[in-house]
Amino acid sequence: MTANHQAARRVRLSTYLGTDGIAIIPTAPERQRNRDSDFLYRHDSYFYYLTGFTEPNAWLVLTSEGRATLFCAPKDLEREIWDGYRLGPEAAPAALGVDEAFAIEELDARLPRLLENRSTVWYPFATHKGLESRIDGWLSAVRARVRYGALCPEGQRDLCGPLDEMRLVKDAQEQDTMRRAAQISARAHIRAMQLSARMLREGKDVREYHLDAELLHEFRIGGSQYPAYSSIVAAGANACVLHYRADVAPVRDGELVLIDAGCELDGYASDITRTFPANGKFTGPQRALYELVLASQDAAIAATRAGQRFNDPHDATVKVLAQGMLDLGLLDANKVGSVDDVIEQRAYFPFYMHRTGHWLGMDVHDCGSYVEPTQVGEVSERKDPLSNEVIKNRPSRILKPGMVLTIEPGIYVRPGEGVPEQFHNIGIRIEDDAIVTETGCELISRGVPVKADEIEALMRP
Ligand code: GLY
Ligand code: MN
Ligand code: MN
């Protein structure tokens, strides 16, 4: 991505700001891990989308006329020796295409003057701790000058609205970066699968963290900066814990391993889950459940194309899973009725309790409304059969080419009354990343196979 891309986005965003509007976008703060050590720094996604700038201590101010002002850390030889290179405000306009740049220390002095005579100030609501009070302080300073004829902005608007809409549809460069991120992650999954089978064949004590290390290795070898989220490497029953992390549990011969891991490449996430037999060979019950989840994913993929709704893949998944749960005896038709009853009453919920996907982009759970913006007024109410809560529904988003989402059905079987023992403690999820196209979707994460036979084949010696 070049500075021209970000400049074009700033111009586009400026058209949303109305007459005399102004937008303020900070990057993310550095976060302390312990004493004088910080967490590895990750920029704010909105800020990066508009600047391509990854240093901390930076703010962007954008006017409705399209004028971009950057505040950033000044050059400082002493600090740069310790903390690394800084672009500095002198070089920023040429490097980033902004109109002007100042040292971050000038932010409080300059912001009131930039806000003066503006109608509306836009900023991302509820995303940066303390941002509202900083803006309040600057507005107070403007107000102090009204007797000299200055006008103080009267409106405050949430910048997430227009920015989320822009980010929701990925352009060709973004899609290309996401394809490359998914390819790296796919290779990492293959490596982790192969390591698991190899170590077990060699009689070694395999732990979840061994597989995590293999993922990390491939992410970094591929040029990724870091994992897009905390990798889940869940052996055996741990797969039934949805937000499990890669931990110390043994990876046992005969059990399944669920890995949900994806790298971030140049600011863009990938998000892949595969579930595989630790030793490379599915047992009968494992394969039966695996084939069911895969069939439900196939149905979701078939429902993913421009013109379909965001909820359609989920509904398609649930239909297949519900029928499969009846067929495999996870649900008893004498108790729960037909497949339509299972869906209506959400009887599948103990085994499938999450949605089938989410937007994917710079953030792993990317921004973007899940409601169709042209139909926000069409509210319908229904009572949730499990909680009895009245839920307000709005028509879900109509998919467009360039939107990117995950397709990630699963099944999680905790031991319980009437649950066939052969399925106890099996947790399976299969997750792929899809770019919506006119006629269907492009699965960008299929560099790692998904069919049971293909997984077994790649894990053979
Ligand atoms: N890895 C997070 C998710 O699948 O949503
Ligand atoms: Mn996901
Ligand atoms: Mn995931």
Side-chain angles (χ1 to χ4, degrees), residues 42 45 167-168 170 178-179 181-190 192-193 208 211-212 214-216 218-219 224-235 238-247 256-265 267-276 290 293-294 296-297 300-301 303-304 310-314 316-318 321 351-368 370 396-397 399 403-412 427-436 441-450 455:
R42 165 56 157 79
S45 295
R167 281 176 51 185
L168 182 53
K170 277 71 179 174
M178 294 187 74
R179 272 186 203 99
Q183 283 159 8
I184 295 167
S185 300
R187 288 201 297 273
H189 276 263
I190 290 175
M193 288 176 187
E208 292 165 340
L211 308 189
D212 189 32
E214 200 74 352
L215 295 165
L216 266 175
E218 194 64 33
F219 288 173
S224 143
Q225 288 78 14
Y226 19 64
Y229 53 92
S230 301
S231 301
I232 297 172
V233 179
N238 293 335
C240 295
V241 180
L242 295 181
H243 291 162
Y244 191 76
R245 299 275 297 269
D247 209 335
L256 293 177
V257 182
L258 182 155
I259 294 185
D260 182 344
C263 71
E264 182 175 312
L265 180 70
Y268 287 82
S270 54
D271 182 7
I272 304 181
T273 307
R274 289 292 182 267
T275 310
F276 58 91
Y290 189 89
V293 176
L294 189 56
S296 78
Q297 198 204 31
I301 292 164
T304 304
F310 175 81
N311 278 350
D312 290 342
H314 178 71
T317 284
V318 164
L321 287 180
F351 306 111
Y352 185 49
M353 61 299 278
H354 60 75
R355 304 287 301 178
T356 304
H358 52 81
W359 306 129
L360 182 70
M362 293 197 283
D363 299 336
V364 64
H365 295 163
D366 207 31
C367 59
Y370 289 94
S396 87
R397 191 89 198 208
L399 299 178
M403 291 178 173
V404 183
L405 67 158
T406 64
I407 305 177
E408 50 176 308
I411 201 158
Y412 311 91
I428 294 170
R429 180 164 61 256
I430 305 171
E431 175 173 31
D432 281 287
D433 303 342
I435 301 176
V436 177
C441 64
E442 177 190 344
L443 297 175
I444 59 176
S445 47
R446 283 291 173 90
V448 50
V450 74
I455 288 176

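We number each residue from 1, following the sequence as shown. Note that the structure is predicted; figures quoted are calculated from it, not measured. Counting convention: from 1, in listed order, for ligands and their atoms alike.
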query = Can an N, O or S atom be found in His358 less than 2.8 Å away from the Mn ion (ligand 2)?
reply = yes
query = Is there side-chain contact between Asp260 and Tyr229, with heavy atoms separated by less than 4.5 Å?
reply = yes
inquiry  = Go through it in stages, so that I can follow the logic: the residues are His358 and Glu408, the test is side chain to side chain contact (heavy atoms under 4.5 Å, CB included), and I'd like the CA-CA distance, side-chain angles, deciding distance and then a yes or no.
reply    = CA-CA 9 Å; His358 52 81; Glu408 50 176 308; 2.9 Å; yes
Considering only heavy atoms of [X], which atoms of ligand 1 have at least one such atom less than 4.0 Å away?
| X | answer |
| --- | --- |
| Tyr229 | 1 (N) |
| Glu431 | 4 (O) |
| His365 | 2 (C), 3 (C), 5 (O) |

Salt bridge present between Asp363 and Arg167 (N-O < 4.0 angstrom) = yes
message = Salt bridge or not between Arg42 and Glu264? Use side-chain N to carboxylate O under 4.0 Å.
response = yes
ask   = In total, how many protein N/O/S atoms does one find closer than 2.8 Å to the Mn ion (ligand 3)?
value = 4
query = Hey, is Val364 one of the residues with a heavy atom under 4.0 angstrom from ligand 1?
reply = no
query = Which atom names give the shortest non-hydrogen contact between Tyr370 and Phe310, and what distance separates them?
reply = CE2-CZ, 3.3 Å
request  = Looking only at non-hydrogen atoms, find the nearest pair between Thr356 and His314 and report the distance.
outcome  = OG1-ND1, 2.7 Å
ask   = Distance only, no hydrogens: is a donor on one side chain within 3.5 Å (strictly under) of an acceptor on the other, for Ser270 and Ser185?
value = yes
key: Asp433 vs Arg446, salt bridge (Lys or Arg N to Asp or Glu O under 4.0 Å): CA-CA, chis, key distance, verdict   = CA-CA 8 Å; Asp433 303 342; Arg446 283 291 173 90; over 6 Å; no
